[in-house]
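Residue indices begin at 1 and follow the sequence shown.
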Amino acid sequence: MITPEELMTLAIEACRRGIAAGQSPFGCAIALGDRVIAQSHNTVVMTTDITAHAEVNALRAGCLEIDDIFLTDAMVATTCEPCPMCMAALHWARVGTVYYGATIGDADASGFNELHLPASELLRIGGSSVKLVGDLLADECCELFAEWKANPSHRVY
C-alpha cells in the first residue's frame, strides 16, 4: 500500500508541474489502496475557472478513473490545507483520510485570499467522518510557495 509520504511526494511533483506551467502552488494526489488514481495541480488561471483547485481537479480525474462519484476510503494528499470548497468536495466524495502539508495561514501569508475557516473546523461543524491529518512534509510543501514566488509572473487570487 502507498504511504502518505509517498502520496504527498506525488502531490508535490504535481504542484511543481503546475508552477512550471504558470499556475499557483497547489498539488493533490489520490490513492485507493495501492493504486494512485489521480494527480493534479491548480489550473485556476489557465482555465479561467476559480473552482479549478488541485483537490477539485484531482477529484474529477479520480472519479473518472474509477467511473464513480464516490472515492470511498480513498487517501488524499494535498500540499496545502483544503479550503472550504475543496474540503466539502472531499467530504461529498466520501474519501477516508486527507493529509496536508502547508496551512491556510501559509497560503494567506503568500497573498491568497483565504477564508479563515480551518478544514478541521468545517469537518467538525458539518459532522463529517473524513479524517484530516496536517503537517505531512510541511517544510517541503511550504517551500512550494517560495518556488512559485520566484516566478515574476506569479498571480494570486
Among residues two or more places apart or on two chains, list those pairs meeting side chain to side chain donor-acceptor pair (under 3.5 Å) that have a residue in [range].
range	answer
residues 49-62	Thr43-Asn57, Asp49-Thr51, Glu55-Thr78
residues 11-28	Arg16-Glu147, Ser24-Asn42, Ser24-Tyr157
residues 1-10	Thr3-Glu6

I'd like to know if [Y] and [X] are part of one continuous hydrophobic network [Ile/Leu/Val/Met/Phe/Trp/Tyr, side-chain heavy atoms within less than 4.5 Å].
X	Y	answer
Ile12	Val36	yes
Val56	Tyr100	no
Trp148	Val44	yes
Met75	Met8	yes
Leu90	Leu7	no

Show every donor-acceptor pair shorter than 3.5 Å between a side-chain atom in residues 80-89 and any protein atom, with sequence neighbours excluded, or say none if there are none.
unit_1, atom_1, unit_2, atom_2, d
Glu81, OE1, Ile104, N, 3.1
Glu81, OE2, Ala119, N, 2.9

Check your understanding: To which residues is Met1 joined in a hydrophobic cluster, defined by side-chain heavy-atom contacts under 4.5 Å among Ile, Leu, Val, Met, Phe, Trp and Tyr, whether direct or through other members?
Key ->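 None, because no other hydrophobic side chain comes under 4.5 Å of this residue.
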Exercise for review: Please write out which residues are connected to Phe70 in a hydrophobic cluster, directly or through intermediates, given that two of Ile, Leu, Val, Met, Phe, Trp, Tyr count as joined at side-chain heavy-atom separations below 4.5 angstrom.
Suggested key: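 Besides Phe70, the hydrophobic cluster comprises Ile69, listed by chain and residue number.
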Residues 126-144, side-chain donor-acceptor partners within the protein, below 3.5 Å, at least two apart:
unit_1, atom_1, unit_2, atom_2, d
Ser128, OG, His91, ND1, 2.7
Ser128, OG, Val130, N, 3.1

Check your understanding: What do you reckon, is CG of Leu115 surrounded by more than 12 foreign heavy atoms closer than 6.0 Å?
Key ->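 No.
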Exercise for review: State the CG-OG distance between Leu10 and Ser40, to the nearest 0.5 angstrom.
Suggested key: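 Spacing of CG (Leu10) from OG (Ser40) equals 12.5 Å.
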Review point. Can you tell me how far the CG atom of Leu122 sits from the CG atom of Leu117, to the nearest 0.5 Å?
Key: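 Those atoms lie 5.5 Å apart.
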Point to revise | Any donor-acceptor pair under 3.5 Å from Gln39 side chain to Ala14 backbone | key: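 Judged by distance alone, no pair lies under 3.5 Å.
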Return the minimal non-hydrogen interatomic distance between [X] and [Y], and the atom names on each side.
X	Y	result
Leu71	Ile37	CD2-CD1, 3.8 Å
Thr47	Ala52	OG1-CB, 3.6 Å
Ala38	Ala61	CB-CB, 4.0 Å

Practice item. Could you list all the ring pair (Phe, Tyr, Trp, His ring centres under 6.0 Å) pairs where at least one residue sits in residues 28-47, not counting sequence neighbours? Key: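 Pairs touching residues 28-47 that pass the test: none.
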Exercise for review: With sequence neighbours excluded, tell me which residues meet ring pair (Phe, Tyr, Trp, His ring centres under 6.0 Å) with Phe145.
Suggested key: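 Testing Phe145 for ring pair (Phe, Tyr, Trp, His ring centres under 6.0 Å), a comparison that skips the adjacent residues, returns Phe26.
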Review point. Among pairs that include at least one residue of residues 21-45, which meet salt bridge (Lys or Arg N to Asp or Glu O under 4.0 Å), considering only residues two or more places apart or in two chains?
Key: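 Residue pairs with at least one partner in residues 21-45: Arg35-Glu65.
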Exercise for review: Not counting sequence neighbours, which residues clear side-chain hydrogen bond (donor to acceptor under 3.5 Å, both in side chains) with Asn151? List them please.
Suggested key: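 Testing Asn151 for side-chain hydrogen bond (donor to acceptor under 3.5 Å, both in side chains), a comparison that skips the adjacent residues, returns Ser153.
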Point to revise | Check: Ile30 and Val95 side chains under 4.5 Å, non-hydrogen atoms | key: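 The answer is no, as the side chains (C-beta and beyond) never meet within the 4.5 Å cut-off.
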**Study point:** Check: Cys15 and Pro25 side chains under 4.5 Å, non-hydrogen atoms
**Key:**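 Pro25 vs Cys15: side chains touch.
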For residues 106-114, run the donor-acceptor check on the side chains, cut-off 3.5 Å, and write out each pair with its distance to 0.1 Å, sequence neighbours left out.
unit_1, atom_1, unit_2, atom_2, d
Asp106, OD2, Thr103, N, 2.8
Asp106, OD2, Thr103, OG1, 3.1
Ser110, OG, Asp106, O, 3.3

